[in-house]
Amino acid sequence: MKKKYVDQLSNDDLPEEKKEQLLGALFQKHFDEENKKNWASQLEEQGVYRKPGLSVWKNPKLMAAASIALLLCFVAIWKISAPPSAETLARQMIQSGAPVRLPVATRGNGDAPAEVYLTALAHYEKRRYANAVETLRQVDPNSLNIPQRVLLGLSLVYAEEYPAAIAELEQIPETSSYIHLAQWYLTLSYVQTHQRDKARAMAESIVQRKTAYATQAQQLLNAL
């Protein structure tokens with residue numbers, strides 16, 4: 001059968017369009033034959049053998065079962081081998097880092113009362129992030145000092161309130177000792193709000209400056 005295709009393809013008078021059709025048919029025939037061999041091998045591993053007078057390939061039920069089983073195997077293998085999406089990876093990084101350890105902040109002039117921070121910090125450390133957010137929002141937002149704002153921003157990230165978290169963390173100044181922490185969680189929040197350009201730019205900056213989050217930022221960049 002294959003010789004027939006080869007002989008026809010060797011005919012110089014045959015139009016190129018017809019040659020392409022024949023070549024496609026030849027490839028399809030080879031593909032079908034290889035599939036049959038693979039299915040037979042898979043079925044034999046499951047204890048299903050081809051018996052005289054009963055061809056697996058001519059039995060619709062067995063054929064359908066074999067096709068479904070192989071399809072499920074291929075899908076499972078693909079899911080295992082496929083790298084996670086940027087959103088999935090960012091979520092995993094957020095969850096694995098929760099909660100980031102934060103120091104006890106001191107009260108400065110004009111800042112929110114220190115007891116507010118301590119109460120919110122206690123909620124935060126017990127992973128009661130919504131309670132931490134609620135506590136810090138009881139005071140004038142303009143009265144929050146930098147550690148208090150970082151605490152609010154991280155609590156919002158862990159509570160999956162990403163737009164609100166971005167609004168807080170973007171206010172952390174470059175001169176702050178918290179800037180690397182804030183920028184990393186900003187990056188993760190940008191990913192979760194589908195702001196990939198901002199996430200990519202921030203992650204590249206983190207990698208270039210070789211901060212403590214450079215390795216994770218590079219992993220995230222590879223997924224963006």
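Computed from a prediction, not measured in an experiment: that's the story for all the values here. For reference, positions follow the sequence shown, starting with 1.
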TODO: Specify the closest pair of heavy atoms between Ala86 and Leu220, including all atoms of both residues, with the distance to one decimal.
DONE: O-CD1, 3.8 Å
Task: Beyond-backbone contact of Leu188 with Met93, side-chain heavy atoms, under 4.5 angstrom - done: yes
Task: Tyr178 OH to Ile146 CD1 distance, which is reported to the nearest 0.5 Å - done: 8.5 Å
Open item on the list: So which atom in Leu154 and which in Leu181 form the shortest heavy-atom distance, rounded to 0.1 Å?
Closed with: CD1-CD2, 4.0 Å
Task: Minimum heavy-atom distance between Arg137 and Ala164, given as atom pair plus value - done: NH2-CB, 3.7 Å
TODO: Check for a donor-acceptor pair, side chain of Ser176 on one end and backbone N or O of Ile172 on the other, with a separation under 3.5 Å.
DONE: no
- [ ] Under the salt bridge (Lys or Arg N to Asp or Glu O under 4.0 Å) rule, collect the residues that match up with Arg200, sequence neighbours excluded.
- [x] Asp197
Task: Residue pair Gln192 / Ile94, side-chain heavy-atom distance below 4.5 Å - done: yes
Task: Test item: Ile166 and Tyr185 side chains (from C-beta on) under 4.5 Å apart, heavy atoms - done: no
Open item on the list: For the CD atom of Gln138 and the CD atom of Glu134, what is their distance to the nearest 0.5 Å?
Closed with: 6.0 Å
Open item on the list: Using modelled atom types and a 3.5 Å cut-off, is there a donor and acceptor pairing between side-chain atoms of Gln171 and backbone atoms of Ala167?
Closed with: yes
- [ ] Check whether any side-chain heavy atom of Thr193 sits under 4.5 Å from a side-chain heavy atom of Pro163, and report yes or no.
- [x] yes
TODO: Decide yes or no for Pro99 and Arg127: does some side-chain heavy atom of the first lie under 4.5 Å from some side-chain heavy atom of the second?
DONE: yes
- [ ] Flag the pair Thr119 / Leu136 as yes when at least one side-chain heavy-atom distance between them is below 4.5 Å, and no otherwise.
- [x] no
TODO: Would you check if the side chain of Tyr124 reaches a backbone N or O of Val100 as a donor-acceptor pair within less than 3.5 Å?
DONE: yes
TODO: Report the relative orientation of the aromatic rings in Tyr213 and Trp184; use parallel for angles under 30°, tilted for 30 to 60°, perpendicular for over 60°.
DONE: parallel
TODO: Look only at the side chain of Gln148 and the backbone of Asn145, and say whether a donor-acceptor pair between them is shorter than 3.5 Å.
DONE: yes
TODO: Output the distance between atom CD1 (Ile206) and atom CD (Gln216), rounded to the nearest 0.5 Å.
DONE: 9.5 Å
- [ ] For residues Ser85 and Ala223, report the shortest heavy-atom separation together with the two atoms involved.
- [x] C-CB, 4.4 Å
Task: Minimum heavy-atom distance Leu151-Leu121, with the two atoms named - done: CD2-N, 3.8 Å
Task: pair Glu174-Gln183: side-chain heavy atoms closer than 4.5 Å - done: yes
Open item on the list: If you define the side chain from C-beta out and look only at heavy atoms, does anything of Met202 sit under 4.5 Å from Tyr190?
Closed with: yes
Open item on the list: Looking only at the side chains, is there a donor atom on one of Glu87 and Gln92 sitting less than 3.5 Å from an acceptor on the other?
Closed with: no
Task: Donor-acceptor pair, side chain of Ser205 and main chain of Ala201, under 3.5 angstrom - done: no
Task: Ile179 side, atom CD1; Leu186 side, atom CG - distance, nearest 0.5 Å - done: 7.5 Å
Open item on the list: Rounded at 0.5 Å granularity, tell me how far CD in Gln219 sits from OG1 in Thr215.
Closed with: 7.0 Å
Task: For Val157 against Ala165, the heavy-atom pair lying closest together - done: CG2-CB, 3.5 Å
- [ ] Please round to the nearest 0.5 Å and tell me the distance separating atom CG of Leu156 and atom OG of Ser189.
- [x] 9.0 Å
TODO: State whether the side chain of Arg149 and the backbone N or O of Pro141 hold a donor-acceptor pair below 3.5 Å, judged by distance alone.
DONE: yes
- [ ] Check salt bridge (Lys or Arg N to Asp or Glu O under 4.0 Å) between Arg209 and all other residues, then give those that pass, not counting sequence neighbours.
- [x] none
